[in-house]
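Let me begin by presenting the structure, written as structure tokens, before commenting on it.
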Amino acid sequence: MKLSDLALGVLFVLLGGAVLLVASQMKVSPHFQYGAGFFPTILGGLLTLAGLWLAASDLRAAAARRGIARLVALAPWCRDRARLMNLAAVITALIGFVLLIEPLGFVVSSLVLLALLGYRFSGRPLLSALSAAGVVLFLYLFFQQLMGVPLPEGFLASRMEVALWTC
Amino acid sequence: MDVLSDALAQVLTWEVLLVMLVSALYGLLVGAIPGLTATLAVALMVPITFFMDPVPAIAAIVTMAAMAIFAGDLPAVLLRMPGTPASAAYTDQAYQLTMRGQGEYILGVSAVTSAVGGSIGVLVLMFGAPYLAEFALEFSAFEYFWLACLGLTAAIMVGGTASISKSAISLVLGLLVACVGIDPVSGESRFTFGSQNLLGGFGFIPVIIGLFAVAEILRFCIRSAGDRQGLQVAQAPLFSKALRDAFRHKVGILRGSAIGTLTGALPGAGADIAAYISYAIARRRPGQDEDDTATAVRQIAPATAANNAAVGGSFIPATVFGIPGDSLTAIVIGVLLMKGLTPGPTIFSDNASMINAVFLAFLLANLLLIPFGFLAVRAFKQVLRIPQAILMPSILLFAMVGAYAIEHSLFAVVTILIFGVLGFLLEEHGFPLAPMILGLVLGPLLEETFVTSMMRSNGDLMAFFERPVSLVLAAVTLGVWLVPPLLRACRGRGAARAAHP
């Protein structure tokens, strides 16, 4: 999906207006002449102006060639299902990482996500699994062991604790 | 001299040298892969440097940057795919040499000239910046306000092929992102919409990882598979000839280095513009060459020197005023701030040996370009064999874990998702991302200097023009704003008069 400059300009004018609205509701401190909303108000105004300028230059170009470009056009990659699926896969992986890392732990969730994503892109299961194992091992050794950053252990942690208790 | 020997002792430790070696190899690898930029390499590296001491951390980033800018020449010359915009000026002419089997020769020349140009840029930085800093000690909030304005204006003006209105929107978006969180002047929370996570604002590192790494991966998803090709013509290895020939053009290389350092030192103008200017000058100068190859070397060598010299030059405003010229120096400033080193004139008196250690590491990195560059040229074919389908998911995991490790919260991963999608959409619609990064880094400085100046002058705008230095800076800034539209208006009227006499 691709928006024309006119549509983008209108979008940024609206965004600038929203910034102005939010900024106008910010508290004015009694100790300062200029409250927290002072600078954002200037930025909201500038964004509105820049949006108007973008829309106006698109309209001027449209007048020169006698015809307004379509507000929304489909970029060539939008018609290709495989590429759209790739985009969706990357975004799903990001959301999946946020949701899974705490219950499953860093090692399991990263291994699964990386191997699946590698397989989706390359179509080679063994290579994807091996490279996923290598990258996860490197990240674990670097952040957890070398730099001392605690990465979530997930369900493995409680298992290991139980194992230690029974010993 | 005491400071210099102290600085040298800080650089010549096993830790720093090992870090530089690893970052050099990493920079060469990322720079050489078509489609991966130097900024992406730095963005992925920042979480790792976060856990290091200041000197090895900054040494890692400058080494990596110098190597990645040179390595961007590899796909540019051998495959006609410039890895970084800095290599775009001479890509076509250099590719013609590759078609004749002389690609590795011209890359050898490029490694030598990059090393010379880069070293000259750093030497000017080392010995010039402290003088500028002494002058800058007198600056007040008014001057810093105008300097920040000048830097941001230049970022819009030289936004490359993008229209000025799009660069301006990108800049204001960056400034707005910088506003999220607690207002530095009054202490009120802004744009947090009741979220605890947003109270501290968006983390700088997750934002740049999102804008440069995640957006790049999303762009990879929609690229068509047939874009890549291998080397077609066998290349003759001529490194010793390259070494000799590079020194035959020393005048051109010196000129290119001088142009590069000066261009880099201007806020907003970076390595790509330096390469274009010096390439254009070299092409215009007549010369007696025995064949086409010699002509090409004479014209390309100054440009490859210039783009590396510009990296050193761009550190002058970055360290002296804290005003970055491009995305790369903006990230370096962000890292310096995280390390508790505030860039500004006092850095040269308070942390003299540390900042000089950083400069020395930078110089060493440029000298390392010659052996490492030759090595990279030989290994380039192997680099092309790395399947991007495996590389891109790995980069994504690096990005997520890096962001998580720094902020210790899953909100950082949410941030890289938000800014990844935002960066992808903006670039798809022709908005440049560099102004946004500059806005993000300069936003707090701009707001603080503006608001405190307004308070000091009781809202009188004329106070911004009263001090002599601030008057000059104001005149330059307003000139950059007003002169181009005025010129265009005059030219338009002149053309109209010519059409209707």
Side-chain angles (χ1 to χ4, degrees), chain A residues 2-3 8-9 12 16 19 22-23 26-27 29 31-40 43-44 46-47 50-51 53-54 57 75 77 80 83 86-87 89-91 93-95 97-98 101-102 106 110 113-114 117-118 121-124 127-128 131-132 135-136 139 142-143 147 149-151, chain B residues 47-48 50-51 163-166 168-169 171-173 175-176 179 183 185-191 193 214 217-218 220-224 387-390 392-394 396-398 400-402 404-406 408 410 413-414 416-417 420-421 424 428-431 446-447 450-451 454-455 458-459:
Chain A
K2 203 156 193 175
L3 299 173
L8 285 168
F12 283 114
V19 169
V22 175
M26 285 178 191
K27 270 181 264 167
S29 152
H31 309 290
F32 298 104
Q33 293 152 283
Y34 305 100
F38 175 60
F39 192 63
L43 294 181
L46 285 176
L47 191 58
W53 184 10
L54 184 62
S57 50
W77 54 267
D80 186 348
R83 290 189 211 173
N86 284 346
L87 270 185
V90 170
I91 291 171
L94 272 157
I95 298 171
F97 186 82
V98 174
I101 189 167
E102 269 164 7
F106 163 73
S110 310
L113 284 176
L114 192 52
L117 205 58
F121 283 145
S122 66
R124 294 159 73 179
L127 182 67
S128 310
S131 62
V135 172
V136 171
L139 287 173
F142 182 80
F143 283 111
M147 297 301 165
V149 179
L151 296 168
Chain B
I48 292 178
F50 182 78
F51 297 100
S163 69
I164 291 180
S165 55
K166 285 188 172 174
I169 289 175
L171 169 68
V172 176
L173 288 178
L175 291 170
L176 278 171
C179 281
D183 167 26
V185 184
S186 71
E188 301 281 340
S189 64
R190 295 188 295 197
F191 299 113
F193 304 105
V214 177
I217 296 166
L218 293 174
F220 162 78
C221 292
I222 62 162
R223 219 178 288 149
S224 57
Q388 294 214 348
I390 294 293
M392 286 295 174
S394 309
L396 182 67
L397 189 67
F398 254 91
M400 294 191 292
V401 177
Y404 177 84
I406 283 182
H408 277 291
L410 285 174
V413 186
V414 178
I416 68 169
L417 172 63
V421 173
F424 169 72
E428 274 295 294
H429 288 98
F431 290 86
L446 188 69
E447 174 168 14
F450 184 56
V451 174
M454 286 293 275
M455 283 178 184
N458 277 321

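None of the values given here were measured: they were computed from a predicted structure. Throughout, protein chains are lettered first and strands after them, A, B, ... in sequence-line order, and every chain is numbered starting at 1.
Here the closest non-hydrogen pair linking A/K2 and B/H429 is CA-NE2, 3.5 Å. In this structure, A/P150 and B/H408 approach most closely via the heavy-atom pair CD-CE1, 3.5 Å. Here the closest non-hydrogen pair linking B/A168 and A/A50 is CB-CB, 4.4 Å. Contact detail for A/F143 and B/G402: the closest heavy-atom pair is CZ-CA, 4.1 Å.
Chosen from B/S394, B/G420, B/C221, the residue pairing most often with chain A at heavy-atom distances under 4.5 Å is B/C221. Among the candidates A/L46, A/V136, A/N86, the residue making the largest number of heavy-atom pairs closer than 4.5 Å to chain B is A/N86. For the set A/F121, A/F97, A/F39, the count of heavy-atom pairs under 4.5 angstrom toward chain B peaks at A/F39. Between chain B and the options A/S131, A/P40, A/S110, A/S122, the largest number of non-hydrogen pairs under 4.5 Å is found for A/P40. The greatest number of non-hydrogen atom pairs below 4.5 Å with chain B, out of A/L117, A/L43, A/I91, is found for A/L43. Of all the listed residues (A/D80, A/L8, A/I95), the one sharing the greatest number of non-hydrogen pairs under 4.5 Å with chain B is A/L8.
B/I416 touches chain A through its side chain: at least one heavy atom from C-beta onward sits under 4.5 Å away, while N, CA, C and O do not. No part of A/A89 comes within reach of chain B, as not one of its non-hydrogen atoms sits under 4.5 angstrom from that chain. Proximity to chain A (any heavy atom under 4.5 Å) is restricted, for B/Y404, to the side chain, taken from C-beta onward. The part of B/L396 that comes within reach of chain A is its side chain, from C-beta onward, which places non-hydrogen atoms under 4.5 angstrom from that chain. Residue A/V22 touches chain B through its side chain alone, counting heavy-atom pairs closer than 4.5 Å.
Proximity of B/F50 to A/V149: side-chain heavy atoms (C-beta onward) are nowhere separated by under 4.5 Å. Looking only at side-chain heavy atoms (C-beta outward), B/P393 and A/V135 stay at 4.5 Å or farther from each other.
Here the CG-CD1 distance, from B/L410 to A/I101, works out to 6.5 Å after rounding to the nearest 0.5 Å. The structure places CG of A/L47 at 10.5 Å from CG of B/L171, a figure rounded to the nearest 0.5 Å. Taking CH2 from A/W53 and CD1 from B/I164, the interatomic distance works out to 5.0 Å, rounded to the nearest 0.5 Å. Once rounded to the nearest 0.5 Å, the distance linking CZ of A/F142 with CZ of B/F398 reads 8.5 Å.
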